[in-house]
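First up is the structure itself, then whatever we jot down about it.
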Amino acid sequence: MVKFNVNQSAKTLGKIGKSSSLLQHERYCVAEKVIKKICEVSIYNSDEIVLSRALTNLKDESIIMPKGDPSVGYPQICLRSNRKPEPTDLEAISKIADDAAAAHPNDPNARAKAVIKAINQICGGGSLGHAWVIVFESDNVTDSNCHRYGYHEGVGYTKNRSNDRPNRGFAYQLCLKISKEQFHVLEHKIIPQLNKESTEIAKNFHLQPNPDEQGVYTPLTNCTWFAGNVWNRTMNQFVEFKQPFDGSEHAEDWGINYLYHIDEVSDPGYLSLEMAKILSNY
């Protein structure tokens, strides 16, 4: 049984008072529209990638359980997500990808490279949330008995990275006891297999693992793809973590023929939504 314990928009720029005079009323209406635009306008991050309002304020890190869920018992495996339970706005991401591709109208390879770079920066930059897996051997948590697994942009597979630390806040968590055999299979079969799969998928984006690294983070093999598959394959579960996406609509415009074969993408928001549904039954 799955166990779980539950333990901005832009700021308003001043107050504008209404007036009975037509002039002041018109000024108020204009100012109101300006503020609305400010709240909706896209913002820039340090990499000059535009994020619309739909792609901000998505994380929820309100729950901190550095020992996992003691009520489940040990050793245990936990699947965590720090996203609010709502699917990511793929149209907003597609708009950014369209803008990146537009700079290379006559070069499909350059379009593909620009699109992949933009999407990886968006998905891997943290704004859209994160999903990861932790195995706790006991409630006496140390670096040697707390095993953290994740996928990160520019790195691929990681183990015990600080981004996946046990005291990192999250919104939703699924926890189950894990046997020694399951743990062995996780580390020696499932994760290596996922790294191989992501490497093969990455070839369709002209990407490959960096030296001394395993697996490849791509728009399709992101943190949620990895964490969701680790959980499902290790614990023989079927937690949904992908939302529909018609890749064929973008394949030509983005210069990525592989998208003709894609009809869904992994999404931490969709994972949180499914986790919330599961937890509501317990």
Side-chain angles (χ1 to χ4, degrees), residues 1-4 58-61 63 68-69 72 76-88 90 93 119-120 122-124 126 128-136 147-153 155-159 161 163-164 166 168 170-176 178 182-183 185-187 189-202 214-245 247 262-282:
M1 177 181 293
V2 178
K3 302 288 292 292
F4 177 66
L58 297 176
K59 294 196 295 184
D60 177 357
E61 298 182 314
I63 302 172
D69 186 346
V72 173
Q76 66 178 250
I77 182 172
C78 299
L79 172 64
R80 293 179 170 180
S81 171
N82 67 353
R83 259 296 298 274
K84 295 177 180 178
E86 55 185 309
T88 299
L90 298 184
I93 294 179
I119 295 179
N120 270 356
I122 298 166
C123 296
L128 304 188
H130 182 50
W132 68 105
V133 171
I134 302 181
V135 172
F136 295 93
H147 313 277
R148 292 97 66 193
Y149 310 96
Y151 251 46
H152 295 275
E153 194 272 327
V155 181
Y157 167 66
T158 65
K159 181 178 179 180
R161 188 181 175 99
N163 306 60
D164 308 315
R168 180 174 183 174
F170 58 89
Y172 294 94
Q173 167 180 269
L174 301 179
C175 285
L176 289 171
I178 183 173
Q182 288 172 318
F183 180 51
V185 171
L186 180 159
E187 287 216 318
K189 293 185 178 181
I190 293 174
I191 289 179
Q193 179 60 34
L194 287 172
N195 287 334
K196 289 180 181 179
E197 291 176 19
S198 72
T199 300
E200 286 302 309
I201 292 173
Q214 304 173 61
V216 185
Y217 183 105
T218 73
L220 298 181
T221 55
N222 57 24
C223 63
T224 305
W225 174 86
F226 174 77
N229 276 306
V230 168
W231 173 266
N232 284 341
R233 297 186 191 187
T234 301
M235 306 310 295
N236 194 27
Q237 300 281 301
F238 190 71
V239 177
E240 294 279 359
F241 53 85
K242 295 181 180 181
Q243 68 156 302
F245 175 73
I262 301 303
D263 58 11
E264 58 185 4
V265 293
S266 301
D267 171 20
Y270 197 88
L271 172 62
S272 286
L273 183 63
E274 292 301 307
M275 294 169 80
K277 293 177 182 177
I278 293 171
L279 296 168
S280 68
N281 294 322
Y282 292 91

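When a residue number appears, it is its place in the shown sequence, counting from 1.
- By the salt bridge (charged side-chain N to carboxylate O under 4.0 Å, His left out) test, K196 is found to be paired with no residue, residues two or more places apart in sequence or in another chain being considered.
- Atom CG of L174 and atom CD1 of I77 lie 10.5 Å apart (nearest 0.5 Å).
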Exercise. After noting the C-alpha distance and the side-chain angles of T221 and E197, does the key distance pass the side chain to side chain contact (heavy atoms under 4.5 Å, CB included) rule?
Worked result: CA-CA 9 Å; T221 55; E197 291 176 19; over 6 Å; no
For this session: Decide side chain to side chain contact (heavy atoms under 4.5 Å, CB included) for Y217 and S198; before the verdict, give the C-alpha distance in whole Å, the side-chain angles of both, and the deciding distance to 0.1 Å.
Result: CA-CA 7 Å; Y217 183 105; S198 72; over 6 Å; no
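- Here the straight-line distance linking atom CG of L176 with atom CD of Q237 works out to 5.5 Å at 0.5 Å rounding.
- The shortest distance between side-chain heavy atoms of M235 and I178 falls below 4.5 Å.
- Here the closest heavy-atom approach between residue G68 and residue C78 is recorded as CA-SG, 4.3 Å.
- Expressed to the nearest 0.5 Å, how far CG of D267 lies from CZ of F245 amounts to 12.0 Å.
- Within the 3.5 Å criterion, the main-chain N or O of S266 finds a donor-acceptor partner in the side chain of N222.
- Inter-residue side-chain proximity for R148 and N163 is flagged as unmet; no heavy-atom pair is nearer than 4.5 Å.
- Among all heavy-atom pairs drawn from T88 and G269, the shortest one is OG1-N, 4.4 Å.
- Looking only at side-chain heavy atoms (C-beta outward), V185 and Q182 stay at 4.5 Å or farther from each other.
- Atoms OG1 and CD, on T218 and E153 in that order, are 10.5 Å from each other to the nearest 0.5 Å.
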Problem set entry | Test salt bridge (charged side-chain N to carboxylate O under 4.0 Å, His left out) applied to E274 and R83, step by step | CA-CA 12 Å; E274 292 301 307; R83 259 296 298 274; over 6 Å; no
Exercise. Is there a ring pair (Phe, Tyr, Trp, His ring centres under 6.0 Å) between H147 and F136 once you walk through the steps?
Worked result: CA-CA 7 Å; H147 313 277; F136 295 93; 9.5 Å; no
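- For the pair Q243 (side chain) and V265 (backbone), a donor-acceptor distance under 3.5 Å is absent.
- By the side chain to side chain donor-acceptor pair (under 3.5 Å) test, Q76 is found to be paired with no residue, residues two or more places apart in sequence or in another chain being considered.
- Here the CD atom belonging to E86 is positioned 14.0 Å from the OH atom belonging to Y270, to the nearest 0.5 angstrom.
- Residues S272 and K84 come closest through the heavy atom pair CB-O, 3.8 Å.
- Classification of the F170-W132 ring pair by plane angle, with boundaries at 30° and 60°, yields perpendicular.
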For this session: List the steps, then state whether side chain to side chain contact (heavy atoms under 4.5 Å, CB included) holds for K189 with R233.
Result: CA-CA 10 Å; K189 293 185 178 181; R233 297 186 191 187; over 6 Å; no
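- For E264, there are no side chain to side chain donor-acceptor pair (under 3.5 Å) partners, not counting sequence neighbours.
- Judged by distance alone, with hydrogens and angles left aside, the side-chain atoms of T158 form no donor-acceptor pair with the main-chain N or O of H152 at under 3.5 Å.
- Between atom CD1 of residue I190 and atom OG1 of residue T234 there is a gap of 3.5 Å, rounded to the nearest 0.5 Å.
- Counting heavy atoms from C-beta outward, M275 and P85 have side chains that stay 4.5 Å or more apart.
- A 6.0 Å sphere centred on CG of N236 holds no more than 12 heavy atoms belonging to other residues, nucleotides or ligands.
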For this session: Dump the intermediate steps for side chain to side chain contact (heavy atoms under 4.5 Å, CB included) on W225 and L220, then the final yes or no.
Result: CA-CA 7 Å; W225 174 86; L220 298 181; over 6 Å; no
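- Nearest heavy-atom pair across C175 and V72 is CB-CG2, 3.9 Å.
- Using a 4.5 Å heavy-atom threshold, the side chains of R161 and V155 count as touching.
- The aromatic rings of F226 and Y151 sit parallel, their planes meeting at an angle under 30°, below the 60° perpendicular limit.
- The closest side-chain heavy-atom distance from N229 to F241 is below 4.5 Å.
- Cation-pi check for R80 over W231 is not met; the charged atom does not lie both under 6.0 angstrom from the ring centroid and within 45 degrees of its normal.
- Using a 4.0 Å cut-off between a side-chain N of Lys or Arg and a carboxylate O of Asp or Glu, E240 and K277 do not qualify as a salt bridge.
- Of all the heavy atoms in V135 and Y149, the pair that sits closest is CG2-CE1, 4.0 Å.
- When only modelled atom types and interatomic distance are considered, N82 and E61 share a side-chain donor-acceptor pair under 3.5 Å.
- In this structure, P192 and E187 approach most closely via the heavy-atom pair CD-O, 3.3 Å.
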